[in-house]
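Take a look at the structure below.
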Amino acid sequence: MADDAEAGTTAAAPADTARDGAEQGGAGEPGKGAEPEHAEREDGAEQQDGAEREDGAEREDGAEQEEEPGHSRSRDLLLLAGICLAFLLLVNAFVARPFAVPSGSMEDTLRTGDRLIANQLAYAFGGHPRRGDVVVFDGTGSFRPESAKPQGFWADARSVALDLGLAPAGDTIYVKRVIGVGGDRVTSTGPGAPITVNGVPVDETSYLSPGDDPSSVAFDVVVPAGELWVMGDHRSASRDSRDHLGEPGGGFVPEKKVIGRADWVVYPFSRWTGLDRPAAFAATAGTGGHGDQR
């Protein structure tokens, strides 16, 4: 009997062990089942994070797309302004250049402070100044003595600015009317007498300042080829070719020094007008001199 009891006891132990194992196994099962749930939560979090990042990226892309048109318009405007500026500079340098009239020597045709436009293409491509034209020219070497040009960066920069019309013209730039061209004989016998070109009297009453004589001094010159004889319309207040007789240049202006023909007065607006060649010089056609071929 004792042996049976011990045997029973011994047999019961495995049963207890089995139950313990079953409990342990039952306790372990829920732990094993929790792992997939945790993984699912992580997957959901990752998907949510990914969706949020995508949404954020889309919002940033949308913001950039919204900003792009404004930036594009600004760039377009800057580009357009640059093109316009370059165009104006090119026109100013090679086509039409503005000048301010510095004195009253061309009254009443031009008045002090008038803004005029010099047509720089008027004598391009083989053209030459004609009798009666109002021209803008550099008087260095004819009306003013040659001087040593300043050297250095700033001198070069100023020269470029002058060519582009971005700097004041200075005191070497003149505006006068062409009276004689290469080969012409221009004469005056003094007060009260008309000027003659190749022996033909020129009626200058349409543009001379009221009360002025054609010339208060007598002269008789032959204009060298490639040069000009010029005078102001306000003869009593004009220092022109007459005042430089006897000087090295003889009062003549080289054609190569002509910047352009003054074609328009553009300011003040009340004086806006074109500057036409006077009909008075039509009488000199066919009288000789190089002017007849121009």
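In what follows, residues are counted from 1 in the order of the sequence shown.
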Might you work through the side chain to side chain contact (heavy atoms under 4.5 Å, CB included) test for Glu255 and Leu228, ending with a clear yes or no? CA-CA 7 Å; Glu255 286 188 18; Leu228 307 169; 4.0 Å; yes
In terms of hydrophobic clustering (I, L, V, M, F, W, Y; side-chain heavy atoms under 4.5 Å; direct or indirect links), are [X] and [Y] co-clustered?
X      : Y      : answer
Ile173 : Met106 : yes
Val181 : Ile179 : no
Val178 : Val186 : no
Ile117 : Val135 : no
Tyr174 : Val230 : yes

Partners meeting ring-ring contact (aromatic ring centres under 6.0 Å, His included) with [X] (sequence neighbours left out):
X      : result
Phe269 : Tyr267
His244 : Phe143
Tyr123 : none

Where do Ser216 and Arg235 land on the side chain to side chain contact (heavy atoms under 4.5 Å, CB included) test, with the steps shown first? CA-CA 8 Å; Ser216 58; Arg235 299 287 161 81; over 6 Å; no
My understanding is that only residues two or more places apart in sequence, or in another chain, count here; which of them pass side-chain contact (heavy atoms from CB on, under 4.5 Å) with [X]?
X      : answer
Asp243 : Arg239, Asp240
Ala280 : Val202
Asp220 : Arg185, Thr187
Asp213 : Pro191

State, yes or no, whether a side-chain contact exists between [X] and [Y] at a heavy-atom distance under 4.5 Å.
X      : Y      : result
Pro278 : Arg177 : yes
Pro214 : Leu208 : yes
Phe252 : Pro224 : yes
Arg97  : Asn119 : no
Val136 : Val258 : no
Gln120 : Ile259 : yes

I need the full list of ring pair (Phe, Tyr, Trp, His ring centres under 6.0 Å) pairs touching residues 188-220, with sequence neighbours left out, sorted by first then second residue.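 Of all non-adjacent pairs touching residues 188-220, those that pass ring pair (Phe, Tyr, Trp, His ring centres under 6.0 Å) are Phe219-Trp229.
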Please report the C-alpha distance between Asp184 and Thr284 in whole Å, then the side-chain angles of each, then the deciding distance to 0.1 Å, and finally whether the side chain to side chain contact (heavy atoms under 4.5 Å, CB included) criterion is met. CA-CA 10 Å; Asp184 285 344; Thr284 64; over 6 Å; no
Stepwise, does the side chain to side chain contact (heavy atoms under 4.5 Å, CB included) test hold for Val197 with Arg131? CA-CA 10 Å; Val197 176; Arg131 306 176 188 116; 3.8 Å; yes
Quick one: salt bridge (Lys or Arg N to Asp or Glu O under 4.0 Å) pairs with a partner in residues 133-145, sequence neighbours left out?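 Qualifying pairs: Asp133-Arg277, Arg144-Asp171.
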Residue pairs passing the salt bridge (Lys or Arg N to Asp or Glu O under 4.0 Å) test where at least one lies in residues 99-117, sequence neighbours excluded: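 Non-adjacent pairs meeting salt bridge (Lys or Arg N to Asp or Glu O under 4.0 Å): Asp114-Arg271.
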Through direct or indirect side-chain contacts below 4.5 angstrom among Ile, Leu, Val, Met, Phe, Trp and Tyr, which residues connect to Leu77?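 So far as hydrophobic clustering goes, Leu77 is joined with none.
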Nearest 0.5 angstrom please: [X] [atom1] to [Y] [atom2], how far?
X      : Y      : atom1 : atom2 : answer
Leu110 : His234 : CG    : NE2   : 12.5 Å
Leu116 : Asp263 : CG    : CG    : 9.5 Å
Leu79  : Ile83  : CG    : CD1   : 4.0 Å

Please list, chain by chain and in numerical order, all residues satisfying side-chain hydrogen bond (donor to acceptor under 3.5 Å, both in side chains) with Ser188, sequence neighbours excluded.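 For Ser188, no residue satisfies side-chain hydrogen bond (donor to acceptor under 3.5 Å, both in side chains) once neighbours in sequence are set aside.
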Before you tell me yes or no, could you show the steps for Ser209 and Asp233 under side-chain hydrogen bond (donor to acceptor under 3.5 Å, both in side chains), namely the whole-Å CA-CA distance, both residues' side-chain angles and the distance that decides it to 0.1 Å? CA-CA 6 Å; Ser209 183; Asp233 289 354; over 6 Å; no
Ignoring hydrogens, what is the shortest heavy-atom contact between Val253 and Ser142? Give both atom names and the distance.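 For Val253 and Ser142, the tightest heavy-atom pair comes out as CG2-OG, 4.1 Å.
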For side-chain hydrogen bond (donor to acceptor under 3.5 Å, both in side chains), just list the numbers for Lys176 and Ser241, CA-CA rounded to whole Å, side-chain angles, deciding distance to a tenth of an Å, and then say yes or no. CA-CA 10 Å; Lys176 304 292 180 185; Ser241 290; over 6 Å; no
